[in-house]
**Q** 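Before anything else, here's the structure in question.
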Amino acid sequence: MQATRRGVLGAAGAALVAPRLASGQVAARTLRFVPQANLSNIDPVWSTAVVVRNHGLMIYDTLYGLGADFQPKPQMAAGHEISEEGRRWTITLRPGLRFHDGAPVLARDCVASIARWSKRDVLGQRLDGLLDGMRAIDDSRFEIRMKKAWPGLAFALGKPSANICAIMPERVAQTDPFQQIQDFTGSGPFRFLRDEFRAGDRVHYARFEGYESRNEPTDFMAGGKPVHFDRVEWRVMPDPSTAAAALQNNEVDWWETPLSDLLPLLRRNRDIVVDLVNGAGNLGVLRFNFLHPPFDNVAVRRAILPALDQRAFMDAAIGTDPEMSRVPAGAFTPGMPLANDAGLEVLSGPRNLAAAQRALRESGYAGQRVAMLSGTDIPVLQNLSVVAADLLTRIGFNVDLQAMDWGTHIQRRTNRGPVEQGGWSAFCTTWEGFDVSVPGSHQPIRGHGAAAWAGWPTIPRLEELREAWFEAPDLDSEKRIAAEMQRVVWQEVPFIPLGQVLPRMAYRRSLAGVVKGGPALFWGVRRA
């Protein structure tokens, strides 16, 4: 992904301004935070879940970081040299980098970390395909050789969205990329306090005294990361009423994703601020399993389109306030440069349940059980799942809605077996708008089979168009490619977009503003 041509994505981060901290909160030196979900998995390379990404950005660092202009800038790297007509990158680490166990960060740690990440991340997989070799030159320098030039390499290594290229000790990074790590030693601003971790209850972090911040102003994900808290405590509160009461009673400082029904109550409290998380929001998606019936049949997937009402999904997910969601939504994030209306009438035209029922009867569907996964501790996803299950039932599917916490959901959807062996058929989730605004980082639109995101579709045409997008010479060319990709989505249906969710966060007024870069980056909170 060429960041020079993707600078227009700055709209996604326009609202991400660093808050200032009242003196009383600074004195406390502890920030109390209610995350969007339980942290059941702790490997930001293995998982695409936003809560895992947030955790990862607490304890790990990255070689590059994106500035407010969405251009990559050196972070752990001191800089790099590009030679051999763009095919060879030599990256030098800045001095003073240390892991939480006191060991220095070495070039071989970076090589092993990139190698593991490249097997899981959507842009990492592009590097893996282009890679002609990678090695440590000495303790502070390593090289990446590619078969052809890729100007977007620094962007890929520094993007803050799932999966992040978290730099880990070599011994940890040698873990099979399809297995979860058990050693959580990072080099980021905070240490993960594993002994205090209680899944489903709390996640605690302590300031890493050995962290060497860049001596530069903070610039979104780039520049300095001054740490203003000795501790950050995540307090898992699946019940929205409990979280709302805790925020109002000053038992917590920050609630990442309040239930939309509770926003009017929170707004009436003069000590609480309700703010937009970011302008790109999240794209709701209905995802299918391509490996097993019934959704291995494209005619079955297409049968849903005539009856799916995006507005019904959005109203259920986040309420009827028009500022909280946006429809219609196509394959790319609404409001971003590559959003388009190619074929969008399949979702924006009049809805027709009878047409969907007829299409399903003609598809060859044989009444197979549809195991629909639902994450009960994230209200938006739970609501989307309930609406999806109801819609599929009315169309004529044999739906089995299976409720579970989000952590179990993440684990369950890795099962590639049939429903009878603990597998699944479909689920609803949301993707951060920045991730799905362009083909390069858009995981739901990929069609590369076993290496694809959960669902594992094989759609060669989408892969061809994605590669063409990487080579596109200008924005107009990118737009034409994106429009064609969207047409293929309506034909092959790797997922169905459900609308754009524009969630809010709520925090005590002592955190005066909006967090810089998202709720994970507590080093971005500045003193008043």
Side-chain angles (χ1 to χ4, degrees), residues 31 33 35 39-65 74-77 91 93-118 120-121 124 139-140 142 157-175 177 179-197 199 203-214 221-222 224-234 517-524:
L31 184 64
F33 176 72
L39 183 70
S40 61
N41 170 263
I42 318 179
D43 185 347
V45 172
W46 184 88
S47 175
T48 60
V50 172
V51 68
V52 182
R53 184 283 311 268
N54 289 354
H55 159 81
L57 291 173
M58 290 286 288
I59 69 173
Y60 297 105
D61 214 344
T62 54
L63 290 163
Y64 296 85
Q75 186 51 245
M76 296 178 76
I91 299 175
L93 296 174
R94 60 185 173 91
L97 299 176
R98 293 198 169 273
F99 287 112
H100 297 159
D101 60 5
V105 178
L106 303 177
R108 64 173 181 264
D109 299 310
C110 300
V111 169
S113 296
I114 295 171
R116 181 171 187 263
W117 163 82
S118 69
R120 298 302 302 257
D121 178 69
D139 284 350
S140 62
F142 65 96
L157 294 174
K159 67 181 177 65
S161 51
N163 310 78
I164 61 169
C165 186
I167 300 302
M168 305 174 177
E170 181 183 38
R171 67 179 186 277
V172 181
Q174 288 174 340
T175 302
Q179 298 293 325
Q180 298 178 43
I181 61 173
Q182 300 300 316
D183 181 337
F184 308 106
T185 304
S187 66
F190 289 92
R191 294 182 294 108
F192 171 55
L193 301 179
R194 188 173 187 177
D195 292 344
E196 299 182 24
F197 173 57
V203 191
H204 290 174
Y205 306 89
R207 177 178 183 173
F208 176 38
E209 297 294 343
Y211 182 74
E212 291 285 342
S213 175
R214 295 187 73 92
M221 292 295 298
K225 295 183 180 179
V227 178
H228 302 304
F229 297 98
D230 293 329
R231 285 173 64 90
V232 175
E233 297 180 355
W234 289 16
L521 309 182
F522 299 115
W523 45 262

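Numbers here are sequence positions counted from 1.
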**Q** Atom CZ in F197, atom NE2 in H55: separation rounded to 0.5 Å?
**A**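 Output value for this atom pair is 8.0 Å.
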**Q** Apply side-chain hydrogen bond (donor to acceptor under 3.5 Å, both in side chains) to R231 and list each qualifying residue two or more places apart in sequence or on a separate chain.
**A**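 Counting only residues at least two positions away or on another chain, R231 forms a side-chain hydrogen bond (donor to acceptor under 3.5 Å, both in side chains) with E196, H204, E233.
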**Q** What distance do D139 atom CG and L106 atom CG have between them, rounded to the nearest 0.5 Å?
**A**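 Answer for the CG-CG pair, D139 versus L106, is 4.5 Å.
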**Q** Hey, what do you get for CE (M221) to CG (L57), rounding to the nearest 0.5 Å?
**A**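 The distance works out to 4.5 Å.
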**Q** So which heavy atom on A107 is nearest to which on F142, and how close?
**A**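 Of all heavy-atom pairs spanning A107 and F142, the closest is CB-CB, 4.0 Å.
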**Q** If I take atom CE from residue M76 and atom SG from residue C110, how far apart are they, to the nearest 0.5 angstrom?
**A**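 So the CE of M76 and the SG of C110 are separated by 5.5 Å.
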**Q** Charged N to carboxylate O under 4.0 angstrom, D43 versus R116?
**A**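 The answer is yes: the pair qualifies as a salt bridge.
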**Q** I'd like to know if the side chain of W46 and the backbone of I181 have a donor-acceptor N/O pair within less than 3.5 Å.
**A**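 Pair absent, no side-chain N/O of W46 close to backbone of I181.
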**Q** Provide the closest heavy-atom pair for G65 versus A222 in the form atom of the first, atom of the second, distance.
**A**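 Taking every non-hydrogen atom into account, O-CB, 3.7 Å.
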**Q** Should V203 and F192 be marked as a side-chain contact (heavy atoms from CB on, under 4.5 Å) after you check the CA-CA gap, both sets of side-chain angles, and the distance that decides it?
**A** CA-CA 8 Å; V203 191; F192 171 55; 3.7 Å; yes
**Q** List for me each residue that meets side-chain contact (heavy atoms from CB on, under 4.5 Å) alongside T185, sequence neighbours excluded, and say none if there are none.
**A**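 Testing T185 for side-chain contact (heavy atoms from CB on, under 4.5 Å), a comparison that skips the adjacent residues, returns F99, H100, D101, P169, R171, D183.
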**Q** Report yes if some heavy atom in the side chain of F208 is under 4.5 Å from a heavy atom in the side chain of I59; otherwise report no.
**A**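 Contact flag for F208/I59 side chains = no.
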**Q** Who passes side-chain hydrogen bond (donor to acceptor under 3.5 Å, both in side chains) against Y60, sequence neighbours left out?
**A**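 Residues passing side-chain hydrogen bond (donor to acceptor under 3.5 Å, both in side chains) with Y60: none at all.
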**Q** With E170, which residues qualify under side-chain contact (heavy atoms from CB on, under 4.5 Å), at least two apart?
**A**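 Listed in chain order: R108, D109, A112, Q174.
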**Q** Please find the pair of heavy atoms, one from V45 and one from R120, that lie closest to each other, and give the distance.
**A**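 Heavy atoms of V45 and R120 come nearest at O-CB, 3.4 Å.
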**Q** Taking side chain as C-beta onward, heavy atoms only, is S187 less than 4.5 Å from L97?
**A**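 No, their side chains stay 4.5 Å or more apart.
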**Q** S47: what forms a side-chain contact (heavy atoms from CB on, under 4.5 Å) with it, not counting sequence neighbours?
**A**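 If we apply the side-chain contact (heavy atoms from CB on, under 4.5 Å) test to S47, skipping adjacent residues, the hits are N41, A49, V52, I410.
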**Q** For I164 and G56, work out which heavy atoms get closest and say how close.
**A**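 Looks like CD1-C, 3.9 Å.
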**Q** Quick one: closest heavy-atom pair of P44 and M168, and the distance?
**A**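 Nearest heavy atoms, P44 then M168: CD-CE, 4.3 Å.
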**Q** Closer than 3.5 angstrom, by distance alone: can the side chain of R94 be matched with the main-chain N or O of E212 as a donor-acceptor pair?
**A**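 Between the backbone of E212 and the side chain of R94 there is a qualifying donor-acceptor contact (under 3.5 Å).
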**Q** Is C165 close to I114 at the side-chain level, that is, under 4.5 Å between some pair of heavy atoms?
**A**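 A side-chain contact exists here, since the closest heavy-atom pair is under 4.5 Å.
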**Q** Distance check, rounded to the nearest 0.5 Å: S118 atom OG versus L157 atom CG?
**A**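 With rounding to 0.5 Å, OG (S118) is 10.0 Å from CG (L157).
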**Q** Atom CG of L39 and atom CH2 of W234: how far apart are they, to the nearest 0.5 Å?
**A**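 Separation between the atoms: 6.0 Å.
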**Q** Is the shortest side-chain heavy-atom distance between L93 and L63 below 4.5 Å?
**A**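 Side-chain contact under 4.5 Å: yes.
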**Q** Of all residues at least two apart in sequence or in a different chain, which pass the side-chain hydrogen bond (donor to acceptor under 3.5 Å, both in side chains) check with R191?
**A**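 Partners of R191 under the side-chain hydrogen bond (donor to acceptor under 3.5 Å, both in side chains) test: none.
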**Q** Do the ring planes of F190 and Y205 sit parallel (below 30°), tilted (30 to 60°) or perpendicular (above 60°)?
**A**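 Judged by the thresholds at 30° and 60°, the geometry between F190 and Y205 is perpendicular.
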